[in-house]
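Worksheet for the structure shown next.
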Amino acid sequence: MRLSQSFYRTLKEISKDAQIPSHQLMFRAGMIQQLSSGIYNYLPLALRSIRKIENIIREELDSRGCEEVLMPAVVPADLWQETGRWDLYGDLLLRFKDRKGNDYCMAPTHEEVITDMVRRNLKSWKQLPWNLYQIQGKFRDEFRPRYGLMRGREFIMKDAYSFDLDEDGARRSYWQMYEAYTAIFSRCGVQFRAVDAATGEIGGDMSHEFQVLASSGEDLILSCKSCDYAANIEKATTPRIQLTPDESTFEVVETVDTPGQKTIVEVSSFLGTDPSGFLKSLVYEADSKPVVVLIAGNRDVNESKLQAFLGAGTLRLASDSMVEKTIGILPGYVGPVGLPPEIPVIADLSVGSGINWISGANEADKHIRNVNLGRDFNPSRILDIAFAAAGDTCPRCDEGRLEEHRGIEVGQVFYLGTKYSKLMDCSYLDENGDARPAEMGCYGIGVGRTMAAAIEQNHDENGIIWPVPIAPWEVVVLPLQLNDEAVADTAETIYEGFRLAGIDTVIDDRNERAGFKFKDADLIGYPVQVVLGSRSVAAGKAEVKFRASGEKTEIPLDDVVVTIRDWILERRLGGS
RNA sequence: CGGAAUGUAGCCCAGCGGCUAGGGCACCUGCUUUGGGAGCAGGAGAUCGGAGGUUCGAGUCCUCUCAUUCCGACCA
């Protein structure tokens with residue numbers, strides 16, 4: 001590519017809307033343009049990197065027996081109604097009508113479409129397993145798009161779906177994809193960590209996220225310093241706690257007046273106690289039915305864990321009026337003692353860690369002291385439903401402490417089971433002629449986000465430092481004095497040599513000053529700069545600068561193409 | 001959904017109710033320069049997000065609206 005003919009343009013200034021390095025650099029390097037909130041044009045440089053990431057994905061998946069398909073972005077509502085997600089998915093799903101008034105959506109994910117596609121073809125046990133994937137634009141009407149391509153509304157995603165005969169097969173498919181993802185992200189040149197993850201609304205019971213570690217990440221990861229445990233905070237389990245308190249230490253229950261004091265902070269400050277001695281009592285609505293949740297005052301309820309345990313389609317804190325109607329008292333004074341017997345009570349493990357709790361009295365302006373598990377209240381279940389936190393004991397090795405990191409989720413793998421295949425009747429006949437639903441898994445990679453995450457991890461004050469496997473271009477040839485015929489001719493010869501050698505090369509043949517070209521080359525982040533100036537060309541040398549190390553070296557003009565070609569080829573396939 | 005801020009040339013930003021709306025970057029012309037985003041001179045480019053209103057006079061004040069960005073979102 002000749003820069004004199006290229007569409008691209010770099011900028012010196014950044015928009016104040018660009019908050020993080022990857023967004024700022026993509027903006028300055030002329031890789032993306034914002035068209036609307038969370039919606040971007042991908043300009044040539046960005047698309048070249050994206051295509052390379054896509055091809056790495058294709059190579060790793062195809063070599064593992066996956067097949068690529070392409071499904072529509074616009075999907076009729078009836079498929080989504082079959083699984084109930086038309087109603088459950090909420091505002092993230094962009095819905096609209098066609099000219100005939102029929103409902104459609106922009107697909108945010110494709111479980112319904114792929115399951116429909118597969119059920120039309122699937123007949124016999126002899127056909128499975130299948131693993132189908134696509135790379136395609138998705139649309140999710142995010143409540144808060146931000147950070148450029150990091151959280152867009154329209155974004156490029158690779159989504160794959162596996163169909164197996166049984167659970168064993170599905171788990172094999174799952175771990176095969178886990179390995180594929182490890183290979184893919186290694187090749188893309190990002191530092192990442194696979195962590196235990198929550199499954200969320202998509203369903204299923206096993207999931208890992210691939211998190212690129214970066215301070216700008218939106219996700220919180222907890223990992224053990226002593227063992228290999230790592231989990232998203234949405235999923236991380238809290239420390240095991242002993243549940244047999246000594247009843248001889250229980251004190252007598254006592255009611256205290258706490259006029260106007262409702263929150264834990266207010267009451268604990270009013271009573272001069274620490275929030276950790278407080279038993280927090282929350283009323284949730286799970287599928288519109290009330291549930292009381294008890295938890296230590298210094299812990300927070302992890303609603304995704306709670307929802308998973310309850311198996312509820314929807315879960316939210318009950319409104320004040322709902323609490324008053326079902327419990328008979330306003331929030332702030334709810335407690336575990338004397339609740340209506342028909343309301344289920346679920347306690348977090350932390351409730352077993354303390355004695356002589358302070359709680360609401362189920363009476364206005366009153367709390368009670370010395371409330372104890374077993375003597376004063378008996379929850380129907382005691383479960384791990386709290387957020388783990390940095391400093392907790394590791395739930396796996398019981399030795400190390402958890403520490404907190406920020407991560408960018410670039411991929412996630414799910415074991416789905418038969419949730420979709422049952423709801424949509426995607427089944428096959430087994431050896432006995434019995435119909436059985438396929439066991440499914442689904443697997444996503446945010447392609448644009450992977451590119452952004454790579455920039456987030458690989459840049460300096462001068463610009464991007466592309467890992468070779470995903471660099472838009474591998475080499476830039478920089479003739480510094482175009483009016484020097486020897487320089488211009490040599491540059492053309494070397495440029496052509498790289499092209500013939502199959503190296504992705506640009507020549508900066510713009511009539512610009514040297515400094516201008518250097519700044520641009522550093523900003524764009526070409527892994528190798530081949531600099532040709534009058535002096536060095538006259539001496540029969542090219543100056544070569546490696547962007548990542550900053551190392552500069554001189555190479556005889558006759559050798560430069562071969563030497564740099566070999567350097568590129570060694571790195572083109574990336575890590576692992 | 002709640003709160004806040006911002007919309008002025010392709011990009012980044014100034015602009016006190018008062019004359020013909022400024023600057024930097026980028027762009028065009030000429031001269032000069034030519035190894036880390038050069039200099040000088042000249043030039044083109046804006047219905048100041050949109051609609052109403054107040055006023056002798058509105059980019060500036062008021063109302064509505066649209067858009068973008070940031071913070072927060074039930075913890076009793």
Side-chain angles (χ1 to χ4, degrees), chain A residues 9-20 23-24 27-28 30 33-39 90-91 143-148 151 153 258 260-268 275 278-285 292-303 306 315-324 326-327 329-336 348 350 358-367 385-387 461-463 478-484 487 508 510-524 529 531-537 543 545 550 552:
Chain A
R9 161 149 307 148
T10 55
L11 301 170
K12 287 183 188 173
E13 286 158 314
I14 58 173
S15 164
K16 65 174 186 296
D17 289 346
Q19 300 285 316
I20 61 171
H23 188 189
Q24 293 169 350
F27 179 81
R28 280 192 60 208
Q33 287 174 338
Q34 182 169 352
L35 199 58
S36 180
S37 179
I39 299 178
D91 290 337
F143 68 102
R144 194 163 161 206
R146 58 176 155 181
Y147 297 156
R151 182 169 294 281
R153 292 196 293 170
T258 51
Q261 315 293 312
K262 300 179 76 169
T263 68
I264 284 182
V265 172
E266 287 166 3
V267 179
S268 54
F278 213 98
L279 191 61
K280 189 153 61 177
S281 310
L282 307 170
V283 184
Y284 278 90
E285 280 182 64
V292 171
V293 173
L294 306 175
I295 188 168
N298 60 341
R299 292 261 174 194
D300 291 324
V301 172
N302 181 334
E303 293 181 3
L306 178 60
L315 179 76
R316 62 172 183 216
L317 275 170
S319 64
D320 285 9
S321 57
M322 177 75 177
V323 174
E324 192 168 26
T326 53
I327 311 289
I329 188 70
L330 278 172
Y333 303 104
V334 176
D348 177 61
S350 59
I358 301 169
S359 79
N362 292 324
E363 198 177 332
D365 296 331
K366 288 188 196 308
H367 283 74
I385 49 172
F387 277 109
E461 65 279 9
N462 294 316
L478 296 171
L480 299 185
Q481 297 87 13
L482 287 173
N483 53 2
D484 179 334
V487 168
D508 193 347
R510 298 172 300 175
N511 191 19
E512 295 287 354
R513 296 159 60 89
F516 188 93
K517 295 186 181 184
F518 289 141
K519 289 288 187 188
D520 249 15
D522 286 347
L523 174 61
I524 301 295
Q529 300 172 12
V531 180
L532 299 167
S534 295
R535 285 191 295 275
S536 57
V537 168
E543 298 164 47
K545 176 178 163 186
K552 293 177 185 172

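No hydrogens, no waters, no symmetry mates; every other heavy atom, side chains included, goes into these values. Numbers restart at 1 for each chain; the letters A, B, ... are given by sequence-line order, proteins then strands.
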* Asked: Can you tell me if A/R151 uses its side chain to pair, donor with acceptor, with the backbone of A/P145 under 3.5 Å?
  -> no
* **Interatomic distance at C1', B/G53 relative to B/G45, whole Å** => 32 Å
* Asked: Reckon A/A318 touches a base, only the sugar-phosphate, or nothing at all at heavy-atom distances under 4.0 Å?
  -> base
* Interatomic distance at P, B/C56 relative to B/C13, whole Å -> 37 Å
* To do: With P as the reference atom in both, quote the distance from B/G50 to B/C66 in angstrom, rounded to an integer.
  => 15 Å
* Asked: Counting N and O atoms only, with roles assigned by atom type, does the side chain of A/Q24 sit under 3.5 Å from a partner on the main chain of A/A18, one being a donor and the other an acceptor?
  -> yes
* Asked: When all nucleic acid strands are considered with a 4.0 Å heavy-atom cut-off, which category describes A/V323: base, sugar-phosphate, or nothing?
  -> base
* Asked: Contact class for A/V267 vs. all strands (heavy atom < 4.0 Å): base, sugar-phosphate, or nothing?
  -> nothing
* Across the strands shown, which category fits A/F143 at heavy-atom distances under 4.0 angstrom: base, sugar-phosphate, nothing? -> base
* Touch check for A/I264, heavy atoms < 4.0 angstrom, all strands: base, sugar-phosphate only, or nothing? -> sugar-phosphate
* Answer whether the closest heavy-atom distance between the side chains of A/D348 and A/F387 falls below 4.5 Å. => no
* Asked: If the P atom of B/C19 is compared with that of B/G37, how far apart are they to the nearest Å?
  -> 40 Å
* To do: Using a heavy-atom cut-off of under 4.0 Å over every strand shown, decide if A/R146 touches base, sugar-phosphate, or nothing.
  => sugar-phosphate
* To do: Would you indicate whether the side-chain heavy atoms of A/K280 and A/I264 approach each other to under 4.5 Å?
  => yes
* To do: Mark up nucleotides 33-40 of chain B, 5' to 3', with B wherever a protein heavy atom is under 4.0 angstrom from a base atom, S wherever such an atom reaches only the sugar-phosphate, and - elsewhere.
  => BSBBBB--
* Dot-bracket for RNA chain B: what is it, with Watson-Crick or G-U pairs under 3.5 Å, [ ] where a pair crosses earlier ones, and | for a pair to another strand? -> (((((((..((((....[...)))).(((((.......))))).....(((((..]....))))))))))))....
* Under 4.0 Å: is that the gap between some side-chain N or O of A/S36 and OP1 or OP2 of B/U68? -> yes
* Is the closest side-chain heavy-atom distance between A/H367 and A/Y333 below 4.5 Å? -> yes
* Asked: Got a donor-acceptor contact below 3.5 angstrom from the A/E363 side chain to the A/G360 backbone?
  -> no
* **Under-4.0 Å side-chain N/O to phosphate OP1/OP2 contact, A/S37 with B/U69** => yes
* To do: Considering only atom P, compute the distance from B/G15 to B/U60 and round it to an integer number of Å.
  => 14 Å
* Asked: Which part of the nucleic acid, if any, lies within reach of A/E324 when heavy atoms closer than 4.0 Å are counted: base, sugar-phosphate only, or nothing?
  -> nothing
* **First of A/Q19 and A/K16 reached from the 5' end of RNA chain B, by closest nucleotide** => A/K16
* Asked: Is the phosphate of B/C11, meaning OP1 or OP2, less than 4.0 Å from a side-chain N or O of A/Q33?
  -> no
